[in-house]
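Have a look at the structure below, then the notes.
Letters A, B, ... mirror the listed sequences (proteins, then strands); counts begin at 1. Here the structure is a predicted model, which is why all the values come from computation and not from measurement.
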There are 4 protein chains.
Amino acid sequence: MIHTVNPTTKKRALAVLGPRDEAKAVFRRAILRAAADVFVEQGFHAARIQDIAERARIGVGTVYNHFEQKEDVLQALLEEHTAALAERFTAHAAGLDFATDLERRLSRMLAYKDEHRAFFVLVMEYGLMGPSTGAAAMVLKGRKVRTDGLKKVGVALFADAQKRGELRADFDAEHLLRILGGIIRAFAADTIAEGATFASRTAEIVDVFLGGAQARKKKKT
Amino acid sequence: MIHTVNPTTKKRALAVLGPRDEAKAVFRRAILRAAADVFVEQGFHAARIQDIAERARIGVGTVYNHFEQKEDVLQALLEEHTAALAERFTAHAAGLDFATDLERRLSRMLAYKDEHRAFFVLVMEYGLMGPSTGAAAMVLKGRKVRTDGLKKVGVALFADAQKRGELRADFDAEHLLRILGGIIRAFAADTIAEGATFASRTAEIVDVFLGGAQARKKKKT
Amino acid sequence: MIHTVNPTTKKRALAVLGPRDEAKAVFRRAILRAAADVFVEQGFHAARIQDIAERARIGVGTVYNHFEQKEDVLQALLEEHTAALAERFTAHAAGLDFATDLERRLSRMLAYKDEHRAFFVLVMEYGLMGPSTGAAAMVLKGRKVRTDGLKKVGVALFADAQKRGELRADFDAEHLLRILGGIIRAFAADTIAEGATFASRTAEIVDVFLGGAQARKKKKT
Amino acid sequence: MIHTVNPTTKKRALAVLGPRDEAKAVFRRAILRAAADVFVEQGFHAARIQDIAERARIGVGTVYNHFEQKEDVLQALLEEHTAALAERFTAHAAGLDFATDLERRLSRMLAYKDEHRAFFVLVMEYGLMGPSTGAAAMVLKGRKVRTDGLKKVGVALFADAQKRGELRADFDAEHLLRILGGIIRAFAADTIAEGATFASRTAEIVDVFLGGAQARKKKKT
DNA sequence: TATGAATGAGTTTTCATTCAT
DNA sequence: AATGAATGAAAACTCATTCAT
């Protein structure tokens with residue numbers, strides 16, 4: 001769990017892969033990993049480039065060899081992870097009912113979040129689908145963080161479920177997606193506090209999302 | 001909607017109430033109002049004390065006569081509004097079923113948020129019940145923002161509903177409260193985007209919270 | 001030893017003396033006393049007008065009713081005390097030999113310093129006979145602190161002693177005066193550290209001073 | 001006498017010595033030299049970091065790369081020069097009588113002061129052997145300026161002279177050291193005013209000092 | 001005349017960014 | 001390409017001074 005580029009790693013990377021480009025990628029990844037941690041611990045503004053560099057065990061200048069500005073680091077972070085999430089969310093098996101399908105997709109996605117806690121916290125702040133607060137928007141200075149992938153897949157999935165009568169149709173798909181997001185967020189506090197894995201709570205999340213908080217009187221006989 | 005202390009206002013205030021203390025309160029309020037706007041527009045870190053002062057049409061030094069540090073302004077903002085919210089949420093009429101009761105309380109609360117949009121956005125960032133992100137916690141530097149009031153009332157209300165079998169009992173009350181919060185948050189985007197009032201959506205919020213997103217096949221008998 | 005203007009003091013002062021002017025003088029004196037303490041404890045620059053006002057138990061504005069600028073407070077402080085010192089140093093009885101004469105004058109002067117420790121420390125910094133360091137001069141912004149009185153008397157006394165062959169004549173009187181000053185300063189550390197009175201060390205000071213400065217004509221015989 | 005780091009100097013320094021560390025030392029020295037001048041001209045408090053940076057022809061930030069706070073600059077200044085002085089004062093030849101010995105040591109020390117006028121003035125304010133005034137102590141915020149070296153050597157020298165009957169024994173060595181300091185200080189005004197060298201007055205200083213402090217055994221013959 | 005809150009110029013300090021090595 | 005010291009613009013915060021009461 002040491003987010004570092006040490007000489008050994010570096011040399012190996014140089015040897016194994018296409019010499020130049022791969023070495024570059026190693027540094028880039030190290031920076032992003034370190035940045036995620038530091039942004040989470042201190043917040044974007046309070047995080048100093050130097051902190052990131054130190055955490056990655058590289059020099060400040062190196063960060064600037066890979067990213068033009070501090071903001072670009074955050075943007076890259078959000079985009080790359082969101083892309084990964086979208087991928088997890090997209091893959092599916094055919095012939096499942098909506099609830100099961102959603103649960104599988106979510107489960108993969110949340111597992112990814114479990115592996116990347118720092119990133120997940122960032123997402124809660126900067127939004128999976130575009131900055132949620134004015135402040136977040138300000139930080140990104142109008143950059144368009146390309147997170148369309150996830151949103152597109154999600155909206156399509158939900159719209160389809162609505163057509164099939166598995167999701168209420170009185171809200172639009174995007175809104176429902178946001179509601180799911182809000183519920184996931186609510187589970188985050190629990191999960192983080194307990195040190196539990198996120199993925200393990202997928203069923204509960206889907207249950208609340210689909211069925212609500214009301215006591216289930218009608219469970220049948 | 002001009003958050004300002006102008007000479008006229010000042011004199012009037014001085015004349016009407018006890019001269020000194022009241023004048024003081026006028027400035028304090030002007031600062032908090034201006035700060036809410038500026039924090040929302042720029043985010044806490046990007047907001048400069050001077051921006052707040054300019055918006056309130058007062059001098060920078062004056063801000064420091066009322067608050068020791070920038071953080072204290074945010075803290076005061078959160079505390080005072082949260083207290084107001086708690087008050088709205090607390091008042092209730094007896095003999096209502098849970099759904100109606102919750103709807104009334106929420107409705108009052110959301111009306112308050114409609115009147116104080118800026119504050120509401122802040123709450124989404126810094127949390128009604130303690131900072132939700134590490135960054136937010138960092139900003140507040142370990143200050144304990146006293147927002148217990150609202151949480152206490154909410155937890156009591158929900159726990160009671162659980163006992164009476166109106167809310168599912170497999171989650172604890174605090175968690176359910178957070179889920180409601182997440183859903184409200186999800187409605188915020190819609191609402192803000194459309195310029196609609198928040199309060200007008202109370203019924204929908206309660207409906208989703210209690211009944212979930214699933215299509216209502218069982219509507220009839 | 002409470003450097004304060006309390007209501008009682010104030011009223012009494014008003015009654016006893018010419019109403020207006022005397023009341024004014026009471027405040028002025030309170031300010032100077034408080035200022036001496038504060039300047040000593042914190043140094044001129046670090047001392048805030050508010051500190052002085054608080055120590056004198058008056059409002060900040062009041063200080064400005066009596067002195068135009070912070071620097072004027074220091075100047076007045078130095079001038080008034082120096083005048084008092086000059087007075088003590090000037091008075092003399094006829095027919096004494098130089099050593100005895102000097103000892104009497106010094107003794108009176110040092111007794112005054114014992115009563116006004118704070119002032120004395122200031123003098124060590126700002127000089128009895130004009131600012132000794134560039135920094136001190138800077139603080140006083142080119143003001144001429146009128147401390148001529150003491151210097152004039154001292155030079156005259158020493159020049160006379162030189163003529164009468166009681167002080168070495170190879171240095172000019174003013175230089176000798178400065179040497180005496182340096183020696184007094186050296187005794188200050190001892191005295192202050194021990195909490196002893198300054199006056200009690202007059203004999204030693206004169207002894208050290210004259211032992212070197214005295215003309216050595218009488219060695220023989 | 002231009003206390004500056006200009007590009008040329010910088011490159012040369014980098015070429016000649018170990019690149020990094022030496023460049024660092026060059027800047028550090030430039031800062032200290034500039035600071036000495038500025039502190040003397042304006043006094044510590046009135047001196048702005050920017051003044052120091054400008055005098056050294058470097059950026060403000062650079063000062064902070066070398067010293068955490070303004071106070072640290074002063075402390076370093078005092079410590080480094082005091083160490084140099086102690087060195088000059090310490091070296092001695094055997095077999096000299098006390099007066100000659102003292103004269104030689106002082107002469108070397110005062111020559112150093114002649115080369116570093118600015119520093120000397122600072123010493124008059126902040127004391128060679130610990131801050132002499134409360135204000136000075138305040139400036140240094142309780143930092144212990146390590147000036148023991150000089151004091152230790154001086155006290156040892158004087159104590160020894162007392163044992164050998166060359167200095168009066170009714171005062172302790174440290175006090176005698178302070179008296180010498182006071183006398184030197186008195187000569188400073190003369191010297192500085194006239195633009196003369198300090199070293200040239202060593203004999204006079206020792207003469208005045210010993211004339212008083214010397215045990216009076218040899219009066220007869 | 002005393003008072004103390006308002007004011008804003010001025011200062012320290014931080015930190016993103018550059019650039020010589 | 002990596003590095004880290006230099007840089008200076010920018011921001012928090014202080015405090016002498018003013019002025020309405």
**OP:** Runs of at least three consecutive Watson-Crick or G-U pairs, both distances under 3.5 Å, are what I'm after; which ones involve DNA chain F?
**Re:**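 Only these stems qualify: E:2-21 with F:2-21.
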
**OP:** Measure across A76(A) and L32(A) and return the closest heavy-atom pair with its distance rounded to 0.1 Å.
**Re:**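 Minimum heavy-atom separation between A76(A) and L32(A): CB-CD2, 4.1 Å.
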
Phosphate-side-chain proximity, [X] and [N], N/O vs OP1/OP2 below 4.0 Å:
X	N	answer
Q69(A)	dA16(E)	no
T62(D)	dA5(F)	no
H66(C)	dA2(E)	yes
N65(C)	dA2(E)	yes

Length of the [atom1]-[atom2] vector between [X] and [N], whole Å:
X	N	atom1	atom2	value
R48(C)	dG4(E)	CZ	P	14 Å
F67(D)	dA6(F)	CZ	P	11 Å
E71(D)	dT11(E)	CD	P	15 Å
D51(A)	dG4(F)	CG	P	15 Å

Original post:
In chain order, what residues pass the side-chain hydrogen bond (donor to acceptor under 3.5 Å, both in side chains) check against N65(A), with sequence neighbours excluded?
Top reply: none

Subject >> Salt bridge flag under 4.0 Å for residues E54(C) and R48(C) >> reply: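 Here E54(C) does not pair with R48(C) in a salt bridge, since their nearest N and O are not under 4.0 Å apart.
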
Original post:
Is it true that E80(A) and R29(A) have a side-chain N and a carboxylate O under 4.0 angstrom from each other?
Top reply: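 So E80(A) does not pair with R29(A) through a salt bridge.
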
